[in-house]
Amino acid sequence: MAPERTLSIIKPDATRRNLTGEILSRFEKAGLRVVAQKRLLLSRPQAEAFYAVHRQRPFFAGLVNFMTSGPVVIQVLEGEGAISKNREVMGATDPQKAAPGTIRRDFAENIEANSVHGSDGPDTAAEEIRFFFSTMEITG
Ligand code: GDP
């Protein structure tokens, strides 16, 4: 099976609490490799474009405010079954429903400030990686 790539974001609630290293270590221990990474403050248009699928949801405005409230650390993770493995390590969207030992169960503040984002399928992974990284910035 060919290695897969997924887009991961360490969200502002986690960077604010200095949890970047701890979260990256969870990925690496799960066999995922960081093949690209950048830290940046998302602009409002960038956050709105990234979460465009949620534009009609009641939490959209709050989500954009939150995602632009501090720096994020964005990475491309690579590994066998990287997309589902990353989602397993992250846990459910709502930390109260996330399994013990997952990032969201251990670190998320609430359903919105839930510490991490991970692509939910091959098509979104490809699209989200392209959104933040050029081919030259990814080194497997
Ligand atoms: P994910 O794939 O697990 O990140 O979940 P979704 O794609 O459904 O939602 C994207 C992001 O929107 C989540 O990670 C949360 O930060 C936020 N979110 C999702 N559902 C809710 C909700 O019901 N309320 C609030 N306030 N935020 C939510």
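Whatever order the structure lists ligands and atoms in, that order sets their numbers, starting from 1.
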Worksheet entry | Per-atom contacts of ligand 1 with N114, taking only distances under 4.0 Å to non-hydrogen atoms | 13 (C), 14 (O), 15 (C), 16 (O)

Worksheet item: Are any of the heavy atoms in R57 under 4.0 Å away from ligand 1?
Response: no

Discussion item. With heavy-atom distances below 4.0 Å as the criterion, list the atoms of ligand 1 near R104.
Written reply: 1 (P), 3 (O), 4 (O), 14 (O)

Worksheet item: For H117 and R104, which heavy atoms make the closest approach, and how far apart are they?
Response: CA-NH2, 4.4 Å

Practice prompt. Check the pair E22 / R17 against salt bridge (Lys or Arg N to Asp or Glu O under 4.0 Å), numbers first and verdict last.
Written response: CA-CA 11 Å; E22 188 121 20; R17 287 174 289 150; over 6 Å; no

Worksheet item: Does the gap between the ring centers of F60 and Y51 come in under 6.0 Å?
Response: no

Worksheet entry | Protein contact to atom 17 (C) of ligand 1 [nearest heavy atom, distance to 0.1 Å] | L63 CD1, 3.8 Å

Worksheet entry | L42 side chain reached by F132 side chain, heavy atoms, under 4.5 Å | yes

Practice prompt. Closest by any non-hydrogen atom to atom 26 (N) of ligand 1: pick that one out of E112, K11, H117.
Written response: E112

Discussion item. Measuring from atom 1 (P) of ligand 1, which candidate in D120, T93, D13 has the nearest non-hydrogen atom?
Written reply: T93

Discussion item. Show the nearest heavy-atom pair for residues A125 and I83, with the distance to one decimal.
Written reply: CB-CD1, 3.9 Å

Worksheet item: At a non-hydrogen distance cut-off of under 4.0 Å, which region of I111 contacts ligand 1 (side chain, backbone, both, or neither)?
Response: both

Worksheet item: Looking at V35 and G140, what are the two nearest heavy atoms and their distance?
Response: CG1-CA, 3.7 Å

Practice prompt. Would you indicate whether K97, at its atom NZ, is surrounded by more than 12 heavy atoms from other residues, nucleotides or ligands within a distance under 6.0 Å?
Written response: no

Worksheet entry | Residue-ligand contact R87/ligand 1, heavy atom below 4.0 Å | yes

Worksheet item: What residue and atom, counting heavy atoms only, is the protein's closest point to atom 22 (C) of ligand 1, and at what distance?
Response: F59 CD2, 3.5 Å

Worksheet entry | N or O pair under 3.5 Å between H54 and ligand 1 | yes

